[in-house]
2 protein chains.
Amino acid sequence: MRVSVDEAAPRETTVATAAAHTSRELAHPDRAEIRLENVLHALSDPMRLLIVRDLARTDDELACSAFELPVSKSTTTHHFRVLRESGVIVQVYRGTAKKSALRSDDLEELFPGLLEAVLAAAEAQAARD
Amino acid sequence: MRVSVDEAAPRETTVATAAAHTSRELAHPDRAEIRLENVLHALSDPMRLLIVRDLARTDDELACSAFELPVSKSTTTHHFRVLRESGVIVQVYRGTAKKSALRSDDLEELFPGLLEAVLAAAEAQAARD
DNA sequence: CTGTTTGTACGATACCCATCGTAGTACGGC
DNA sequence: GCCGTACTACGATGGGTATCGTACAAACAG
């Protein structure tokens, strides 16, 4: 499943008429605002790399609680925010849960092959350890 | 030109017999010690990305003074050290100069396609700006 | 030997960031 | 309305880091 940022976080012009709208908005950068430095920085943390690998493996949206990270919940929230604000993931509230998914399409359009190469590198390194 | 870390920084077993040996050694991580997180972090700084792009463009070793960075010399030294210690570049003294080159072979072996994807992404973003 | 070029070392500074705990909010089920 | 689940907000804290200036060291050309 591929989620674009516009689908997940509707613009102000398309609010509240559909029934599926649940609650708060989450700030996402537009595709054109995504910066390579920020993406690389987001991916340079082991915890965030773990999250991204999990998201890539399922190829579907996951709740934050689906991740078993060796850090506290506050820290987990922090990492998800960094990933979202750098443009690596989309997040949307669904009831009490908050679902996350990779912005694969946006990243592929901006930086072809980058996400794939990073994911492959992460898997290769994990296999070596 | 491709420089391997062993060629540039000879081990203790092979010192000082050849005439080409000039001066101080510089610490480089072995290929197996290079970590993806460190590489991504090294590449996530705009100044360092500039350096890496320059190195990739010439495909040859460059002196630190060949770079026109909008920061002080001390800061430049700092960035080169981060790149070297993360395994992205090799550095070797040649007279008063200190030459740097990408560790393309080591990186390609560890993380296939990663460096290429990052460089292409950096060029694409620079073209957009 | 002296001066120039090139890069380093060191200390300071200001900022960023990964982590935590605690307290709180939002939503859905009962 | 009330409770449990899921996530957030806030403040604190310790460590990292990008930046600078100044002073120093190593090599080469005279």
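Labels below follow one simple rule: chain letters A, B, ... track the order of the sequence lines, proteins then strands, and each chain is numbered from 1. Source: prediction; values computed, not measured.
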With no hydrogens and no angle check, is any side-chain donor or acceptor of [X] less than 3.5 Å from a backbone partner on [Y]?
X	Y	answer
A/Arg48	A/Ala42	yes
A/Asp45	A/Met47	yes
B/Arg31	B/Leu110	no
B/Thr75	B/Val71	no

Separation of [X] atom [atom1] from [N] atom [atom2], in whole Å?
X	N	atom1	atom2	answer
B/Leu69	D/dT19	CG	P	9 Å
B/Phe67	C/dT6	CZ	P	14 Å
B/His79	C/dG7	NE2	P	16 Å
A/Leu49	C/dA18	CG	P	13 Å
B/His41	D/dG15	NE2	C1'	13 Å
A/Ile89	D/dC7	CD1	C1'	13 Å
B/Arg48	D/dT17	CZ	P	8 Å
A/Asp45	D/dT17	CG	C1'	15 Å

Between [options], spot the one nearest the side chain of [X], thanks.
X	options	answer
A/Ser72	D/dC20, C/dG21, D/dC7	C/dG21
A/Ser74	C/dG7, C/dA18, C/dT22	C/dT22
B/His78	C/dC17, D/dC20, D/dA18	D/dA18
B/Thr75	D/dT19, D/dC7, C/dT19	D/dT19

Q: Using the closest heavy atom to pick a nucleotide of DNA chain C for each, name whichever of A/Lys73 or B/Ala97 lands nearer the 5' end.
A: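 Going by which nucleotide is closer to the 5' end, it is B/Ala97.
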Q) Is it true that the side chains of B/Gln91 and B/Ser100 contain a donor and an acceptor less than 3.5 Å apart? A)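 Side-chain D/A pair, B/Gln91 to B/Ser100: present.
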Q) Is the count of non-hydrogen atoms from other residues, nucleotides or ligands lying under 6.0 Å from A/Glu33 atom CD greater than 12? A)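 Yes, the 6.0 Å shell around CD holds more than 12 heavy atoms from other groups.
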Q | Nearest heavy-atom neighbours spanning B/Ile34 and B/Pro29 | A | CG1-CG, 4.3 Å
(Q) Is there, by distance only and without an angle test, a donor paired with an acceptor across the side chain of B/Thr96 and the base of C/dG7 below 3.5 Å? (A) no
Q) Among residues 80-88 of chain A, which contact DNA chain D at a heavy-atom distance under 4.0 Å? A)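 A/Arg81, in order of number.
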Q.
What contact category does B/Ser65 fall into here, base, sugar-phosphate, or nothing, at under 4.0 angstrom with non-hydrogen atoms?
A. sugar-phosphate
